[in-house]
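So that the names make sense, note that chain A is the first sequence line, chain B the second, and so on, each numbered from 1.
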Amino acid sequence: MTNAPEPQPRASLPSQYAPAEVESARYERWVADGRFRAETDSDKPAYCIVIPPPNVTGNLHVGHAFEHTLIDTVIRRKRMQGFEALWQPGMDHAGIATQNVVERKLASEGVSRHDLGREAFVEKVWQWKEESGGQILDQMKRLGDSVDWDRERFTMDEGLSRAVRTIFKRLYDDELIYRAERIINWCPRCQTAISDIEVDHSDDDGELVSIRYGDGENAIVVATTRAETMLGDTAVAVHPGDERYRHLVGTEIELPLTGRRIPIVADEHVDPEFGTGAVKVTPAHDPNDFEIGRRHGLPSITVMDERAVITAHGPFLGLDRFEARPAIVAALREQGRIVAEKRPYVHAVGHCSRCKTTIEPRLSKQWFVKVAPLAKEAGDAVRDGRVKVSPPEMEKRYFAWVDNLHDWCISRQLWWGHRIPIWHGPNGEQVCLAEGEEPPAGYVQDPDVLDTWFSSALWPFSTMGWPDETPDLAKFYPNAILLTGYDILFFWVARMMMFGLYAFKDAEPAKAIPFGEIVLHGMVRDQFGKKMSKSFGNTIDPIEWMDRYGADSLRFTLALGANPGVDVPIGEDWVQASRNFCNKLWNATRFALISGATTEGELPAAEGLSTPDRWILSRLNHTIAAVDEFYADYEFAKLSDTLRHFAWDDVCDWYLELIKPVLAEGGVAAERTRRVLGEVLETLLRLLHPLIPFVTEELWLALTRGDQLGESVMTAPWPAPREAYLDDVAEARVTAIQRVVGEIRRFRSDQGVKPSQRVSTRLTGLDSAGIGGDEALIRALARLGEPGDDFAETASLAIDGDVTVAFDTRGTIDVAAERARLAKDRTAAEKELEQCRRKLGNEGFLGKAPENVVAGIREREAAAAAAIERITAALAALPEG
RNA sequence: GCGCGCGUAGCUCAGUGGGAGAGCAUCCGCCUUACAAGCGGAGGGUCGCAGGUUCGAAACCUGCCGCGCGCACCA
């Protein structure tokens with residue numbers, strides 16, 4: 001296939017896991033073996049997720065790492081479950097960002113894009129993309145993303161571009177795309193229009209200046225934060241019900257500095273409570289003013305160019321908007337027209353989300369999508385359950401957006417992107433051409449390109465060959481889920497919904513949605529729950545952490561924090577803990593291998609197995625069932641924690657310790673246990689594989705000898721719970737053993753007995769506690785010695801009324817420590833008793849609480865009373881001082 | 001301004017009507033031959049505040065305080 005290096009099979013494992021030694025070779029092997037490939041003609045049911053396309057200029061940040069971990073986990077499990085699982089990779093062309101990158105590069109060579117011309121510039125961008133773009137793709141490999149690389153797509157590919165042109169034409173013909181002169185968000189630095197959601201608002205320090213317009217009785221005072229726009233004022237507006245100004249409505253006043261005369265109009269939009277209740281109206285530079293202007297037939301006077309430099313004739317001509325502002329205020333002050341000034345005046349200011357430049361509302365001719373009918377469909381698809389939102393609380397946000405959409409400005413004054421398929425005729429005609437059609441002579445194509453999200457919105461099906469009816473679409477569409485951040489809900493999820501529903505509106509219902517479920521995750525935050533930001537200096541580099549701790553550690557940490565729809569904090573301590581967990585697994589497997597664990601042959605029936613074997617198999621099967629349930633709700637944190645708990649606490653801390661004596665004993669019992677041990681570990685590795693693919697593959701191959709057979713845990717079946725191995729009796733028994741061992745360990749620790757010291761003891765009452773046959777196990781785990789002929793009891797420990805442990809501590813009993821321990825236990829028991837008695841003395845409780853609850857409290861009361869009696873006796877039996 | 005969410009151990013978070021939990025951090029003791037990236041043990045919380053519903057509230061309701069987020073407006 002390829003010449004990917006062959007990872008070396010391991011005869012034995014070193015005592016520490018070294019991720020760096022296995023990860024990259026393992027990934028290349030997976031790719032070489034075609035493990036990630038999805039076959040269109042497969043008989044298996046399809047399960048497809050398209051990658052939320054990353055930006056071609058981007059690098060893998062921890063947010064990607066988080067999202068990809070979750071998607072990869074889902075995809076790997078589905079693959080193991082027997083689905084033809086496709087994770088579709090690719091990138092979007094990021095119009096503004098990419099053009100910026102290439103323009104900056106050119107600028108450093110002293111060249112502008114205009115020097116090159118459109119065609120040559122676009123050629124340069126493609127060249128840049130080939131040489132430097134898409135670094136994120138290699139970084140995804142570090143993470144272990146099991147995407148089908150043979151299907152990589154880019155929004156500017158010919159096929160995807162055809163999808164863009166096709167849907168544009170359809171929308172245009174359906175009159176859902178139109179061109180209009182409107183106030184749009186203009187970035188004077190990027191020199192393009194941007195959509196509402198590409199504007200970030202922040203509360204900034206500004207100024208509020210009150211200016212007197214007109215003179216004498218007709219004077220009226222307006223307040224503004226943008227004095228420079230007054231050059232373009234074409235009216236002053238007041239509220240129609242405002243008595244103060246009623247007599248002025250319909251009159252004209254002189255606009256200072258310009259000599260122009262402007263009318264005073266009455267408009268409902270004006271808030272009479274704010275400021276003086278009078279507003280200057282600049283229709284060409286403010287969206288609200290534009291609306292007022294429309295209602296009153298006012299002219300729009302543009303006073304700035306596309307770089308936000310003043311174009312109005314006069315002394316301010318050529319000044320930047322921020323230079324013009326103080327200059328104009330100064331000029332007005334000179335005329336005595338400034339009646340009040342407030343600085344700083346904090347108000348919301350929009351910034352370009354790409355370059356942070358202050359947005360300039362600008363009157364210009366742009367292309368828009370008429371979203372109302374599309375958004376209605378997008379809302380309805382969720383409302384009527386065709387598309388599910390997970391977690392469901394997020395629906396509200398979705399509806400709030402989709403039900404209140406403004407039309408979407410889709411034209412961008414850029415060169416990099418999909419050029420709008422409209423040709424303009426010499427007399428203002430416009431025609432939208434279908435594929436293969438030639439424009440009439442003399443027509444020129446619209447110079448603008450489309451918003452990048454216009455093409456991203458098609459991603460769920462353009463990647464599969466739409467508008468052709470391809471086998472891929474037949475097999476994999478609609479996508480099973482779209483998994484992405486809640487912050488992206490509006491950026492492309494809603495748009496994918498709108499376009500997906502529109503493009504497939506005539507398809508059969510099962511095909512008419514882009515995905516069955518929208519799964520939303522939170523944002524990655526730092527270890528204190530703070531938002532990560534470069535200025536705050538709390539960002540982390542996922543690559544660096546993978547270098548240090550391995551990809552699995554990063555993945556597991558992120559998965560452990562992934563509560564649905566909730567932000568996930570991450571810190572280095574936690575990645576370290578995950579690294580430790582991987583190492584724990586490593587060593588558990590190492591122990592298994594040393595102990596001769598096997599995965600070959602039938603698993604013995606439960607009846608023939610020891611208590612620990614039956615217990616761990618029961619726990620394993622409960623764990624499988626729990627994990628499956630958590631997956632159904634995308635509860636990654638809970639399923640990860642469940643698996644960690646099972647692996648570390650049940651398997652490593654208890655099971656392995658419980659079977660050591662059995663293995664040492666040898667014989668048939670040991671043989672059965674070796675088989676169970678192999679089964680438990682092998683299943684655990686399969687369960688963990690979607691979360692931590694690298695270490696599990698390494699260990700699974702070592703454990704199953706699968707490396708010699710060309711196998712992979714990736715294609716091993718996902719575990720199914722086996723009810724025959726659920727065993728309440730064994731679980732109760734081990735719980736009792738754990739209780740006894742725990743109490744003995746506490747006694748030892750309180751007494752300062754060294755872990756290495758075998759304390760001579762005599763155990764009684766194990767039979768009545770139901771663990772009569774388990775004395776040897778208890779002795780091993782609690783490190784107890786057999787009582788000799790000279791056994792002399794120096795201390796006694798009563799556990800839960802049944803079991804008594806008599807210790808011969810050879811006179812070294814620490815009476816004070818023991819008294820303190822017993823006193824503490826008695827206090828706890830007394831508190832418990834008091835609580836129980838209070839409830840049982842309450843007639844309301846006895847009368848209304850369910851029987852089983854009352855019975856439970858009675859049991860607890862009895863247990864507490866017995867404990868107090870026992871402890872009191874033990875205290876009395878202690879020697880003095 | 002409208003809406004949503006959150007407030008539980010030092011930190012980060014689970015826990016949605018019946019004995020306050022986890023991981024990390026802290027303290028004590030251990031190299032007990034899978035693992036010191038480990039093992040055993042321990043300490044630590046009036047569950048934001050105040051009312052209410054209930055036999056019973058961390059959980060349900062109301063109000064308040066604090067924090068975060070989204071949307072709109074901000075002349």
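In this structure, D641(A) pairs ionically with R644(A), as a charged nitrogen and a carboxylate oxygen lie closer than 4.0 Å. A salt bridge is defined here as a Lys NZ or Arg NE, NH1 or NH2 lying under 4.0 Å from an Asp or Glu carboxylate O, and R746(A) with D825(A) meets this definition. With respect to the salt-bridge test (charged N to carboxylate O, under 4.0 angstrom), the residues R294(A) and E291(A) qualify. Taking the charged nitrogens against the carboxylate oxygens, R837(A) and E834(A) have no contact shorter than 4.0 Å, which rules out a salt bridge.
Closest approach to the K396(A) side chain among rA34(B), rG5(B), rG18(B) is made by rG5(B) (side chain taken as heavy atoms from C-beta onward). Proximity note for P755(A) (side chain, C-beta onward) versus rG29(B), rC74(B), rA22(B): the nearest is rG29(B). Of the candidate nucleotides rA22(B), rU12(B), rC74(B), rC74(B) has the atom nearest to the side chain of H269(A). The K754(A) side chain lies nearest to rC30(B) when the options are rC11(B), rC24(B), rC30(B). Checked against rA25(B), rA34(B), rA14(B), the side chain of D573(A) finds its nearest nucleotide in rA25(B). Residue N842(A) places its side chain closer to rC55(B) than to any other of rC24(B), rC74(B), rC55(B). With rA37(B), rG18(B), rA22(B) as the candidates, the nucleotide lying closest to the side chain of F845(A) is rG18(B).
In the region residues 850-857 of chain A, proximity to RNA chain B at under 4.0 angstrom, judged on heavy atoms, holds for P850(A), V853(A).
Residue-to-nucleotide contacts include no donor-acceptor pair under 3.5 Å from the side chain of Q835(A) to the base of rG19(B). In the interface, the side chain of K584(A) is paired with the base of rC35(B) through a donor and an acceptor atom under 3.5 Å apart. For Q576(A) against rA37(B), a side-chain-to-base donor-acceptor contact under 3.5 Å is absent.
As judged by a 4.0 angstrom heavy-atom cut-off over every strand, A400(A) is placed among residues making no nucleic acid contact. In this structure, S756(A) reaches neither bases nor backbone, as no heavy-atom distance under 4.0 Å exists between it and the strands shown. Among the atoms of the strands shown, only primed sugar atoms or phosphate atoms (P, OP1, OP2) are found under 4.0 Å from some heavy atom of T225(A). In this structure, Y345(A) reaches the sugar-phosphate backbone alone: every heavy-atom distance under 4.0 Å involves primed, P, OP1 or OP2 atoms, never a base. Nucleic acid contact class of D487(A) (heavy atoms, under 4.0 Å, all strands): none. Residue-level contact check: F581(A) touches neither bases nor backbone, having no heavy atom under 4.0 Å from any strand. The residue D271(A) sits close to a base: some heavy atom pair falls under 4.0 Å. Residue contacts shown for R226(A) are absent, as no nucleic acid heavy atom lies under 4.0 Å away. Note on E657(A): a base of the nucleic acid sits closer than 4.0 angstrom, heavy atoms only.
Here the separation of rC31(B) from rC39(B), taken at their P atoms, is 16 Å to the nearest Å. To the nearest whole angstrom, the two C1' atoms, one in rA22(B) and one in rG18(B), are 22 Å apart. rC49(B) and rA59(B) are spaced 10 Å apart, taking the P atom of each and rounding to whole Å. Nucleotides rG10(B) and rG44(B) place their P atoms 11 Å apart, quoted to the nearest Å. Here the separation of rG52(B) from rA14(B), taken at their P atoms, is 30 Å to the nearest Å.
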Cut-off 3.5 Å, no hydrogens considered: what does the side-chain donor-acceptor table look like for residues 554-564 of chain A, sequence neighbours left out?
unit_1: R555(A); atom_1: NE; unit_2: L691(A); atom_2: O; d: 2.9
unit_1: R555(A); atom_1: NH1; unit_2: D72(A); atom_2: OD2; d: 2.9
unit_1: R555(A); atom_1: NH1; unit_2: L143(A); atom_2: O; d: 2.8
unit_1: R555(A); atom_1: NH2; unit_2: D72(A); atom_2: OD2; d: 2.9
unit_1: R555(A); atom_1: NH2; unit_2: P690(A); atom_2: O; d: 2.9
unit_1: T557(A); atom_1: OG1; unit_2: S553(A); atom_2: O; d: 2.7
unit_1: T557(A); atom_1: OG1; unit_2: W574(A); atom_2: O; d: 3.4
unit_1: T557(A); atom_1: OG1; unit_2: S578(A); atom_2: OG; d: 2.6

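The partner of rG68(B) is rC4(B), judged by Watson-Crick or G-U wobble contacts that both fall below 3.5 Å. Pair check for rG18(B) finds rC55(B); Watson-Crick or G-U wobble, both atom distances under 3.5 Å. When both distances must be under 3.5 Å, the Watson-Crick or G-U wobble mate of rU62(B) is rA50(B). Under the Watson-Crick and G-U wobble criteria, each requiring two contacts below 3.5 Å, nucleotide rC35(B) is left unpaired. Pairing partner, rA42(B): rU26(B), with both Watson-Crick or wobble hydrogen-bond distances short of 3.5 Å.
If you run side chain to side chain contact (heavy atoms under 4.5 Å, CB included) between Y486(A) and each of I518(A), V493(A), V566(A), D567(A), only D567(A) comes through.
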Treat primed atoms plus P, OP1 and OP2 as sugar-phosphate and everything else as base, then score nucleotides 40-46 of chain B 5' to 3': B for base contact with protein heavy atoms under 4.0 Å, S for sugar-phosphate contact only, - for none. BSSS---
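Under a cut-off of 6.0 angstrom, the local environment of NE2 in H347(A) is crowded, with over 12 non-hydrogen atoms contributed by other residues, nucleotides or ligands. Sparse packing is recorded around CD of E859(A), with 12 or fewer heavy atoms of other residues, nucleotides or ligands lying under 6.0 Å away. In the displayed structure, E572(A) atom CD is contacted under 6.0 Å by more than 12 heavy atoms of other residues, nucleotides or ligands.
Neither OP1 nor OP2 of rC4(B) sits under 4.0 Å from any side-chain N or O of R397(A). The side chain of W648(A) contributes an N or O atom lying less than 4.0 Å from OP1 or OP2 of rC39(B). Listed pair K638(A) / rG15(B) meets the phosphate criterion, a side-chain N or O lying under 4.0 Å from OP1 or OP2.
Nucleotide rA34(B) holds its C1' atom 10 Å from the CG atom of N583(A), rounded to whole Å. To the nearest angstrom, C1' of rC69(B) lies 8 Å from NZ of K531(A). Remark: P of rA34(B) and NZ of K660(A) are 5 Å apart, rounded to the nearest angstrom. In this entry the distance linking CD of Q16(A) with C1' of rA34(B) reads 12 Å, nearest Å.
I264(A) contributes atom CD1, which lies 4.5 Å from atom CD1 of I220(A) (distance to the nearest 0.5 angstrom).
Between A849(A) and E393(A), the residue anchored nearer the 5' end of RNA chain B, judged by the nucleotide with its closest heavy atom, is E393(A). Comparing L656(A) and V566(A) along RNA chain B, the residue whose closest nucleotide (by nearest heavy atom) sits nearer the 5' end is V566(A).
Relative orientation of the F747(A) and F807(A) rings is parallel, given thresholds of 30° and 60° on the angle between their planes.
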